[in-house]
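Here the structure comes first, spelled out in C-alpha cells, and everything after it is commentary.
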Protein chains: 2
Amino acid sequence: MRLSSLTDYAVVMLAAAARHCGGAARLNATLLAEETGLPLPTVQKLVSKLSAAGLIESARGTGGGFRLSRPPAAITLAEIVEAIEGPIALTACVEPSAHECAIEGDCRVKPHWNVVNGAVRGALANVSLASLSSPIPLARGAVPIAVETLGDTPSPNPSREREGNLVRNA
Amino acid sequence: MRLSSLTDYAVVMLAAAARHCGGAARLNATLLAEETGLPLPTVQKLVSKLSAAGLIESARGTGGGFRLSRPPAAITLAEIVEAIEGPIALTACVEPSAHECAIEGDCRVKPHWNVVNGAVRGALANVSLASLSSPIPLARGAVPIAVETLGDTPSPNPSREREGNLVRNA
DNA sequence: TCAAATCGGACAAGATCGTTCCGATTGGGC
DNA sequence: GCCCAATCGGAACGATCTTGTCCGATTTGA
C-alpha cells in the first residue's frame with residue numbers, strides 16, 4: 001500500500017517544475033536535480049518515463065530541456081502514479097491481462113476489487129499538480145476523509161521500517 | 001500502488017471464513033487451506049498476523065482453531081490491509097516515525113500527502129468484510145468512483161507483469 | 001501421557017527497486 | 001558545411017525486500 005520512491009520523487013520534481021512559471025519556461029534535468037536534491041541520473045530516468053507517458057515534452061540538443069505538456073491544474077496525481085508505476089491495480093484481478101486465477105467465474109471477491117480500485121484511483125484523480133504545489137493544503141470537498149480509527153491499531157508489525165530513503169528538498 | 005500478495009490472500013481467506021456461519025463457528029487453518037487452495041503454511045502465517053492484529057481469536061491445543069473476533073460487517077478492508085502490511089502510508093512522509101527529509105518544514109508537498117493518504121484509507125475503510133463476501137457487488141454510495149480518463153493513457157510501461165501468483169479459489 | 005493444532009523464528013529463492021553508467025541524438029558555434 | 005558540447009534515452013548492475021516453505025516449541029483436550 002505504498003507508492004514507490006520513484007513516484008514520490010516524481011511528484012516532488014513535477015511540483016518544483018510547476019512552480020517555475022507554471023511550466024511555461026523550459027527546464028533541464030540538471031537544474032531540477034540541484035533544486036530538489038535528487039541525484040541527476042534519477043531525475044533523468046524520471047524525465048524519460050514522464051515523457052513517454054506524455055506528461056512532459058522534452059527537447060534534445062544544446063539548450064534543450066523539457067516542460068509540462070499541460071497546465072499543472074490539468075495534471076492529476078493519478079496520472080503521475082500511472083506514468084511511473086503503470087496502471088493502478090490493487091490486485092492482479094483488476095488488471096485487464098489474463099490471469100490464471102482458478103475458478104475465476106466463481107470468485108466472490110473479484111467483483112468487489114474493481115469497485116475498491118476505482119475508489120482509490122478516484123481519490124488520486126481528485127488531486128491536481130497545481131494543488132500539490134500550492135503552499136497551503138486545501139481539503140477538496142470531493143475528497144472523503146475518513147480517519148476515524150487511526151489510533152486504535154497499535155502498529156501491528158513495526159518491523160516495517162525503511163529509513164534509507166534519499167534526502168530531498170522540496 | 002499494489003497490495004502485497006499476502007494481503008490478497010488474507011482477504012480471500014477471511015471472506016471464506018465469513019461465509020462459515022458468519023464467523024461464529026470455529027475453524028482451523030487446515031480446513032481453510034483446502035477450501036481456498038492456499039498453501040497451509042501461508043494460511044498459518046496469515047493467521048498469526050491477523051491474530052496479532054486482533055481481527056481473529058485463536059485457540060491452541062487439540063480441537064483449537066480460530067474465528068473472527070467481530071462480525072464481518074464490523075471488519076473493514078482497511079483493517080485487513082493494516083494487519084498484514086502495517087499502517088497505510090503512501091509515502092514515508094505520512095508515517096509518524098521520524099524521517100530525515102531535509103527541510104521538512106519547507107516541504108510544500110508533504111501536507112498534501114496526509115490528505116491524499118486519508119482519502120485512500122477512507123476508500124478502503126468503506127468496504128466491510130461482509131460486503132466483500134456477498135455474491136453481488138453493491139456500489140456503496142459513500143464511495144466516490146471516478147474512472148473518467150481510464151482509457152486515455154495507453155499502458156505507459158507494460159513491462160510490469162507478475163504472472164507467477166498462486167492459484168487460488170474463492 | 002499422547003496426539004493435535006497453533007505459534008514463532010529462520011531460511012533460501014525470486015522479484016523488484018533504485019542507482020549508475022554509457023551510447024545516441026540534436027543544436028549551436030566556428 | 002563541419003565539429004563540438006550538451007542533453008535525452010536505454011541498458012545493466014547491485015542492493016533490498018517480499019514471498020513461500022520448513023521446523024521446533026508450546027499448549028490443550030482426550
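First the proteins, then the strands, lettered A, B, ... as listed; each starts at 1.
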Hey, does A/F66 reach any base, or is it just sugar-phosphate, or nothing, if we go heavy atoms under 4.0 Å? sugar-phosphate
Sidechain N-carboxylate O distance under 4.0 Å for A/R70, A/E79: yes
Is any side-chain nitrogen or oxygen of A/S58 closer than 4.0 Å to OP1 or OP2 of D/dG9? yes
If you restrict it to nitrogen or oxygen atoms, what contacts under 3.5 Å exist between nucleotides 27-30 of chain D and the protein, and what is each distance?
{"residue": "D/dT28", "atom": "O2", "partner": "B/T62", "partner atom": "N", "Å": "3.3"}
{"residue": "D/dT28", "atom": "O2", "partner": "B/T62", "partner atom": "OG1", "Å": "3.2"}

Non-hydrogen side-chain atoms of B/V11 and A/W113 separated by less than 4.5 Å: yes
Please give, in whole Å, the distance from C/dC22 P to A/L40 CG? 15 Å
Answer yes or no: is there a side-chain heavy-atom contact under 4.5 Å between A/V120 and B/M1? yes
When you check the phosphate oxygens OP1 and OP2 of C/dT19, does a side-chain N or O of A/T42 lie under 4.0 Å from one of them? yes
Tell me the interatomic distance from B/L3, atom CG, to C/dT16, atom C1', rounded to whole angstroms. 16 Å
Closest-nucleotide 5' rank along DNA chain C - winner of A/T7 and B/G64: B/G64
List the residues meeting side chain to side chain contact (heavy atoms under 4.5 Å, CB included) with A/T30, not counting sequence neighbours, and say none if there are none. A/N28, A/E34, A/L40
Between D/dA12, C/dA5, D/dG9, which nucleotide gets closest to the side-chain atoms of A/K45? D/dA12
Exercise: identify the closest heavy-atom pair between A/A73 and A/S128: O-CB, 3.7 Å
C/dA5, OP1 or OP2 - any side-chain N/O from B/T30 closer than 4.0 Å? no
Report the distance from atom CZ of B/R67 to atom C1' of C/dT6, rounded to the nearest whole Å. 16 Å
Check the distance between C/dG28's P and A/N28's CG and give it to me in whole angstrom. 15 Å
Whole Å only: how far is the CD1 atom of B/I84 from the P atom of D/dT18? 13 Å
Does A/T7 have any side chain to side chain contact (heavy atoms under 4.5 Å, CB included) partners at least two apart in sequence or in another chain, and if so, which? A/L3, A/S4, A/V81, A/I84, A/E85
Is there a donor-acceptor pair under 3.5 Å between the side chain of A/T36 and the backbone N or O of A/M13? no
Expressed as a whole number of angstroms, how long is the span from A/Y9:OH to C/dC17:C1'? 10 Å
B/L6 atom CG is separated from D/dT21 atom C1', nearest whole Å, by 12 Å
Separation of D/dT7 C1' from A/Q44 CD (nearest whole Å): 8 Å
